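The block underneath contains the structure these notes are about, expressed in C-alpha cells.
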Number of protein chains: 2
Amino acid sequence: MQRRSPKRLLETHTDTEQDPPGTGADVSAPAGLRDQLGEGTIPDIVIRRLPIYARSLQFLEHDGIETVSSGELGARLGVSAAQIRRDLSYFGEFGKQGKGYNVAYLLGQIKGILGLDRDWSMALVGVGHLGRALLHYDGLQEQGFCIQALFDHNPEKVGEKIGDLVVHSMNDLPKVLAKQNIKMAIMAVPAKGAQEATDALVAAGTLAILNYAPIIVRVPTHVKIRHIDPIIALQSMTYYLDSDQVTPRNGSRRNGAKS
Amino acid sequence: MQRRSPKRLLETHTDTEQDPPGTGADVSAPAGLRDQLGEGTIPDIVIRRLPIYARSLQFLEHDGIETVSSGELGARLGVSAAQIRRDLSYFGEFGKQGKGYNVAYLLGQIKGILGLDRDWSMALVGVGHLGRALLHYDGLQEQGFCIQALFDHNPEKVGEKIGDLVVHSMNDLPKVLAKQNIKMAIMAVPAKGAQEATDALVAAGTLAILNYAPIIVRVPTHVKIRHIDPIIALQSMTYYLDSDQVTPRNGSRRNGAKS
DNA sequence: CCGACTCTGTGAATATTGTTACAATGTCGG
DNA sequence: CCGACATTGTAACAATATTCACAGAGTCGG
C-alpha cells in the first residue's frame with residue numbers, strides 16, 4: 001500500500017481555507033473549491049483529525065501498548081468510535097475485528113498518509129522574541145519539522161547568526177527557498193507586516209504556512225495556511241462563561257440606533 | 001439590547017468539545033450534548049467565527065473605516081458574505097440595507113455577545129520558558145485577558161516572584177482561584193503533567209482552559225478547552241504537500257499484514 | 001423626488017458531517 | 001473446535017452547516 005491511495009483516493013488535493021480549529025482560529029473554507037472531483041477527495045475535516053489520532057497513538061506506543069480499539073482511542077480524544085472508524089475507512093482497512101488496531105502499524109499508516117514519514121525543511125520568517133522561542137522548541141524537530149532558514153525584515157538582524165543559521169534578508173526568500181527546496185514556513189512577525197511577508201513567501205513558492213501573527217492573512221487557493229492565535233481561542237470561550245460569573249463591570253452598554 | 005439575547009438566544013450554553021480549528025488542533029464535539037434545547041442554542045462553529053470577525057473589525061476601526069459590507073468583510077477573511085450575514089442573524093440585525101455595517105457598532109455588539117466588554121482574570125499554570133514568554137506577551141492584556149495568578153508544580157519555583165506576581169503551589173489552586181474569582185486558565189506544562197494539571201484546574205472551578213501542552217486533555221462537559229498545538233497544525237498541512245515535492249527519502253515503506 | 005444601485009436578512013435548497021445499526025469477521029477460554 | 005463475546009467497516013439515516021437567491025430597505029447622484 002503506497003502513500004495515500006488505497007481506496008477512493010486519487011491524489012487530488014485542492015482546497016485552501018483559513019484555519020481555526022487546531023489553532024483555535026479556523027474559518028471553514030468557502031467550500032466549493034474542493035470537490036472538483038466530487039469523489040476521490042478526502043474531506044479536510046478528516047485530514048485535520050488524523051494528526052490528533054497520530055498523537056494519541058504515539059503516546060500509546062510509548063507506553064508499550066500494542067493494540068487499541070476505536071472505542072478506546074475515541075475515549076481518549078473525545079471523539080466517537082464510529083467517527084474514528086469512518087475517518088480511517090477513507091484510506092483503507094487498518095483494523096482487525098474482535099481485536100482493534102495495532103498501534104505501531106496504524107501510526108505508521110497515518111504518518112504515511114499525512115506525509116510524516118520524512119523530514120520537512122522549514123523557513124522561519126521573523127526572528128523576534130517569538131521566533132527565537134520557536135527555534136528553541138525541540139518538539140518541532142522531534143516531529144520532523146526542521147527550521148533550516150531564517151528571514152527577517154529588519155536590516156539590523158540580517159546577517160546575525162543564531163545557532164548555526166544566518167538570518168537572511170527577505171529579498172533572498174526566492175533564492176534560499178529554491179536552493180534548499182523549502183515548501184513550508186512559520187511566520188512570526190507583527191500583524192502589520194504579516195500580509196506582506198505572506199505574499200513574499202507565496203511568491204517564493206511556499207505551499208504551507210503556519211502563521212503566528214495575530215491577523216488572518218489571505219493566501220491563494222493552492223497554499224495551505226493555519227493560524228495560531230491564543231487570543232482568538234480565548235475569545236471563543238468567554239461566550240460560554242459569563243452569566244453569574246465575576247465582576248460584570250457593567251455600566252455603559254452601547255445601545256440605540258444601528259447607524 | 002443586553003448581552004446575548006436578541007432573538008432566539010436564551011442563555012443556554014452546554015457543549016464542551018476539544019478544539020482544533022482556531023488553534024489548529026480541534027476535535028469537533030461528539031455533538032449531541034449540545035442541543036438539549038433544540039432551538040435557542042447557537043452553533044459552536046458560529047461562536048468560533050465571531051472572534052475572527054471582531055479581529056478584522058478592530059483593524060478596520062483602527063484604520064478609520066466606518067462602514068463595511070458583508071462582502072468586504074468576507075473577502076478579507078476568506079468567508080462568504082452569506083455566512084457572515086447568517087452568523088450575525090443568530091444574534092440580531094446589525095446592518096443597514098444598501099450600506100452595510102457600522103464598524104464600531106458591530107464590533108461593540110460582537111464584543112458584547114462574546115463577553116469581551118469586560119476584563120477576564122486568568123491563571124497561568126506552568127512558569128517554564130513558554131509560560132514566561134506568555135507573561136511577556138502584551139497582546140493578552142490588551143485584549144482584556146489578564147494573568148493574575150501563577151502556579152507551578154516544581155517546588156523550586158514556588159515562591160519565586162515574576163513581575164509583581166508570586167508563583168503559587170498547585171495545592172493552592174482552589175484557594176487562590178476562589179479568592180481572585182478566576183475562571184480561565186492558560187496551561188503551559190509538559191505533556192506528562194497536563195492531564196493532572198487540568199484535573200486540578202477543573203476541581204478548583206476553572207471553566208475555560210487554553211492548553212499549550214502537546215497532548216489532548218479531557219475535561220468534563222461544563223468546561224471549555226482549546227488546544228494550541230503548532231505540530232498538529234503543521235501535520236494537517238503536509239498531507240496536501242507532497243506528490244512531486246522535495247526529497248521523498250523513500251525506502252522502507254511499511255507493508256505487509258495488518259497484525 | 002426618481003430611478004438605478006447596493007446590501008441586508010432569511011426561507012429554501014444543497015452540501016457536508018456525524019451517528020446508528022448491523023453483517024461480517026475475528027478473538028479467546030476451555 | 002465451540003460458543004460467547006468483541007470489534008471493524010459501512011450502508012442508511014439524521015443532523016449540521018453552507019450557499020442560493022430574492023424580497024424588502026436604504027443609498028445616492030442629480
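A quick note: this is a predicted structure, and the numbers were derived from the prediction, not measured. Letters A, B, ... are given to chains in the order of the sequence lines, protein chains preceding strands, and every chain is numbered from 1.
Rounded to a whole Å, the CG atom of Leu73(B) is 16 Å from the C1' atom of dG9(C). The CG-C1' distance, from Leu106(B) to dC7(C), rounds to 14 Å in whole Å. One interatomic measurement links the two molecules: CG of Asn102(A) to C1' of dG26(C), which rounds to 15 Å at whole-angstrom precision. Atom CD1 of Ile84(B) is separated from atom P of dG9(C) by 12 Å (rounded to the nearest Å). Regarding Glu93(B), its CD atom lies at a distance of 13 Å from the C1' atom of dC7(C), rounded to whole Å. Rounded to whole Å, the distance from OH on Tyr90(B) to P on dT8(C) is 18 Å. Across the protein-nucleic acid pair, Phe94(A) atom CZ and dT8(D) atom C1' stand 13 Å apart, rounded to whole Å. Per the geometry, NZ belonging to Lys99(B) stands 11 Å off C1' belonging to dT6(C), to the nearest Å.
Residues satisfying the side-chain contact (heavy atoms from CB on, under 4.5 Å) criterion with Ser56(B), sequence neighbours excluded, are Leu73(B), Arg76(B), Leu77(B). For Ser70(B), the side-chain hydrogen bond (donor to acceptor under 3.5 Å, both in side chains) criterion is met by Arg85(B), not counting sequence neighbours. The side-chain hydrogen bond (donor to acceptor under 3.5 Å, both in side chains) check on Glu66(A) picks up nothing, with sequence neighbours excluded. Applying the side-chain contact (heavy atoms from CB on, under 4.5 Å) test to Glu196(A) and every residue at least two apart in sequence or in another chain returns nothing. Every residue two or more places apart in sequence or in another chain that forms a side-chain hydrogen bond (donor to acceptor under 3.5 Å, both in side chains) with Gln143(A) is listed here: Gln58(A), Gln235(B). Applying the side-chain contact (heavy atoms from CB on, under 4.5 Å) criterion to Ala200(A), with sequence neighbours excluded, gives Met170(A), Leu173(A). The side-chain hydrogen bond (donor to acceptor under 3.5 Å, both in side chains) check on Gln195(A) picks up Asp199(A), with sequence neighbours excluded. Judged as a side-chain contact (heavy atoms from CB on, under 4.5 Å), and not counting sequence neighbours, the contacts of Thr67(A) are Lys99(A).
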Short heteroatom pairs, N/O only, protein and nucleotides 3-5 of chain C, under 3.5 Å:
none

Identify the pairs formed between an N or O of the protein and an N or O of nucleotides 20-24 of chain C at a distance under 3.5 Å, and give each distance.
residue : atom : partner  : partner atom : Å
dA21(C) : N6   : Arg85(A) : NH2          : 3.3

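Checking the phosphate oxygens (OP1, OP2) of dG26(D), no side-chain nitrogen or oxygen of Tyr101(B) falls inside 4.0 Å. An OP1 or OP2 oxygen of dC7(C) is reached within less than 4.0 angstrom by no side-chain nitrogen or oxygen of Ser70(B).
Heavy-atom minimum distance, Ala191(A) versus Phe59(B): CB-CZ, 3.9 Å.
In this structure a side-chain-to-backbone donor-acceptor pair under 3.5 Å is present from Arg226(A) to Ser236(B). Side-chain atoms of Asn211(B) come within 3.5 Å of backbone N or O of Ala213(B) as a donor-acceptor pair.
With dT18(D), dT17(C), dT8(C) as the candidates, the nucleotide lying closest to the side chain of Ile45(B) is dT18(D). Distance from the side chain of Ser89(B) is smallest to dG9(C) among dG9(C), dG9(D), dT27(D).
Taken over five-pair windows at either terminus, the axes of the helix from dC1(C)-dG30(D) to dG30(C)-dC1(D) are inclined to one another by 50° (rounded to 10 degrees).
Among Leu207(A), Leu114(A), Ile47(A), the one residue that satisfies the side chain to side chain contact (heavy atoms under 4.5 Å, CB included) test with Tyr240(B) is Ile47(A).
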